[in-house]
Amino acid sequence: MANWKLFGFQITNEKTKDKEGQTDNLINKEKSFALPQNDDGAVTLQTGAYFGTYVDLEGVVRNEIELITRYREMAMQPELETAIDDIVNEAIVMQGHGLPLDINMDELRVPDTIKKKIREEFRHILKLLNFGNMGSELFRRWYIDGRMFYHVIIDETQPRQGVKELRYIDPRRIRKVREIQKTKDAATGADIIKTMNEYFLYNERGIIGAHSNLGMRIAPDSILNVNSGLMDSRRAMVLSYLHKAIKPLNQLRMVEDATVIYRLSRAPERRVFYIDVGNLPKVKAEQYLRDLMVKYRNKLVYDSSTGEIRDDRKHLSMLEDFWLPRREGGKGTEIQTLPGGQNLGEMEDVKYFERKLYKSLGIPISRLEQQQGFSLGRTTEITRDELKFSKFVFRLRNKFSTLFDEALRIQLSLKGICTIEEWNDFKESVYYDFITDNNFEELKKAELIQNRITVLQLADPYIGKYFSMQWARKNILNQNDDEIEEIKKQIEDEQEEMQQMAQKTAELTAIQSGATMQQDQQQQQPQPQPPENASQPQPDQSNQAEPQLDVNTAFQNTTNPGVNQLDDTVNKNLKVENKSNINSILRIIKDRREVL
């Protein structure tokens, strides 16, 4: 048993506790001799009761730290920075307002109250991550390093309040460890896994060396860990998506340096000095030649680290002229010119390695051409590289979404909305909709629907004769059984709603017809004479705005049962936007009551 306590909190239940009530070790009730699948890059260890724990991380973690540092240095190169920007901008679309993603729970079969709570907690997680402002930076950080760690901070005295803060941790300072204790099976004698303990090791200066006290041990529930899913050949270390670009980038740099050196050395025309030394002895002839070289030469040296050209007179230069002695009897002192190199404008080798670099990152080669514009055409005009790139970005989003799954698992279990086991079932039906500006999938879907409808129109005369409706739905429209039942229910609901609307319209038309007939009868009756003491004529009410009459007020103080029945009908059906029609009907009904 472990004699130390993990830092942080652990979300456990009675099933995960051992006989002594400890929650550090997870007891495996199912027997197995195979180690768990290592997709999170954890170091798998074996513990013994006599020898304690020995953490052998020599080399693996050191190489991992150096590898992460190398990834970050590679990301600073101009070519890789442009490629990474294309991937990040395609994956996380930041707009002027709103969040770049939302949670989709259409396939989750839980009450709407649970969905509402899950959506509220998801937005709380996005707020803790500041995803609305830093979403692209978080995705970029995860893409370059290949892993991401967050410390989950809660109020342990009040865990029901949920997560208070998510604090980023440098992946070079933390590592996941999985301890496994084996035992002998009494029946078969095989070594089976008895207990398994997982925790994180954290060291502020980085985890380097092979010692059991490498750092502080942290509970696994207190850390959010999401990685790229790429592993090395030994499945002992997590790799970044930039790992495939290490060799192409080095080759591109070497070719560029060689091209620059060749052009600087072969571009100028060199001079050949034939110096007449006469009958001077060899030593004096060489001294005389060196004196002339020092007097006339100008040394230029190319610095490959900075790309600068400097004047260096301490070392031999590739740009020096040739100085050759000539004895007496031949030609005298002479200066000739050597021509420069040819085909200095060829850059095919540099372009080749640049295309190879972009291919290693999965980016279409067409994006290298700066002069090509963006065209939103048909799906037949979409290149295969762009389609592959959209699917690659979709896989990146899906893997990055593990961060939200792990955060919601902790947040929902702390607040008591659902248990960890329930969330493990829920997350299979929960998706995250990222905003996208790549319309290739949308265009493809629209064109497929158009083609299916065209085929359905051609097959419509033969449905019921050679084909059944069920066959047409499954084979032409590619609908499964669940979609067929859902669409049928939606059609029935819409038809019922249309019937109710038609019934209300008919009742309203009948009321208007009855009111019109009553108005005609009133016009046929003799109009009452105005009183003699009326000093001024009444203004014309037809040209003035009719006051908004209340239906309930207009239908009060009536003892006629026919009028009351009409009142109820009007109260139920006079819900239209044309207020002038309502006022006219109310005015007619008021006149009718006065007559009655």
I need the minimum non-hydrogen distance between [X] and [Y], along with the two atoms involved.
X	Y	answer
Ser240	Leu230	O-CD1, 3.8 Å
Ser413	Ile410	OG-O, 2.9 Å
Glu90	Arg397	O-NH2, 2.8 Å
Gly132	Leu99	CA-CD2, 3.8 Å
Gln470	Asp481	NE2-OD1, 4.4 Å
Gly146	Val238	O-CG1, 3.6 Å

Euclidean distance, [Y] [atom2] relative to [X] [atom1], rounded to 0.5 Å:
X	Y	atom1	atom2	answer
Ile154	Lys164	CD1	NZ	10.0 Å
Ile491	Glu486	CD1	CD	11.0 Å
Lys356	Leu361	NZ	CG	12.5 Å
Glu81	Ile84	CD	CD1	7.5 Å
Ile363	Glu386	CD1	CD	10.5 Å
Glu66	Tyr71	CD	OH	12.0 Å

Does the [X] side chain pair with the main chain of [Y], one donor and one acceptor, at a distance under 3.5 Å?
X	Y	result
Glu198	Val177	no
Asp221	Ile223	no
Lys388	Gly362	no
Asp460	Leu456	no
Ser222	Ile218	no
Asp170	Arg173	no
His124	Val163	yes
Ser136	Asn89	no
Thr69	Ile65	yes
Ser468	Trp471	yes

- Query: Do Lys474 and Ile484 pass the side-chain contact (heavy atoms from CB on, under 4.5 Å) test, and can you show the C-alpha distance, the side-chain angles, and the key distance before you say yes or no?
  - Reply: CA-CA 9 Å; Lys474 288 188 175 181; Ile484 292 175; 4.0 Å; yes
Tell me whether [X] is salt-bridged to [Y], with the criterion being a basic N under 4.0 Å from an acidic carboxylate O.
X	Y	value
Arg253	Glu79	yes
Asp482	Arg109	no
Glu64	Arg175	yes
Arg172	Asp145	no
Lys489	Glu492	no

Can a side-chain donor-acceptor contact be found between [Y] and [X] if the only test is distance below 3.5 angstrom?
X	Y	result
Ser228	Arg147	no
Tyr432	Asp405	yes
His151	Tyr168	no

Taking C-beta and beyond as the side chain, do [X] and [Y] meet within less than 4.5 Å on heavy atoms?
X	Y	result
Leu357	Phe353	no
Leu101	Asp433	no
Glu256	Leu252	yes
Phe139	Leu396	yes
Tyr358	Thr82	yes
Arg140	Glu137	yes
Arg178	Met196	yes
Asn225	Met148	no

- Give the C-alpha distance, both sets of side-chain angles, the deciding distance and a yes or no for side-chain contact (heavy atoms from CB on, under 4.5 Å) between Gln479 and Ile487. CA-CA 10 Å; Gln479 297 176 355; Ile487 292 175; 3.4 Å; yes
Taking everything shown except [X] itself, do over 12 heavy atoms lie less than 6.0 Å from its [atom1]?
X	atom1	answer
Arg167	CZ	no
Lys415	NZ	yes
Tyr431	OH	yes
Gln490	CD	yes
Lys117	NZ	no

- Please report the C-alpha distance between Phe392 and Tyr241 in whole Å, then the side-chain angles of each, then the deciding distance to 0.1 Å, and finally whether the side-chain contact (heavy atoms from CB on, under 4.5 Å) criterion is met. CA-CA 11 Å; Phe392 171 67; Tyr241 288 97; 4.3 Å; yes
- Message: side-chain contact (heavy atoms from CB on, under 4.5 Å) for Ile169 and Tyr150? Distances and angles first, verdict last.
- Response: CA-CA 6 Å; Ile169 303 176; Tyr150 277 95; over 6 Å; no
- Taking the six-membered ring for Trp, are Phe404 and Phe400 parallel (under 30°), tilted (30 to 60°) or perpendicular (over 60°)? perpendicular
- Task: Assess whether salt bridge (Lys or Arg N to Asp or Glu O under 4.0 Å) is satisfied between Glu406 and Arg409, documenting all intermediate values.
- Result: CA-CA 5 Å; Glu406 293 298 319; Arg409 177 182 66 86; 3.2 Å; yes
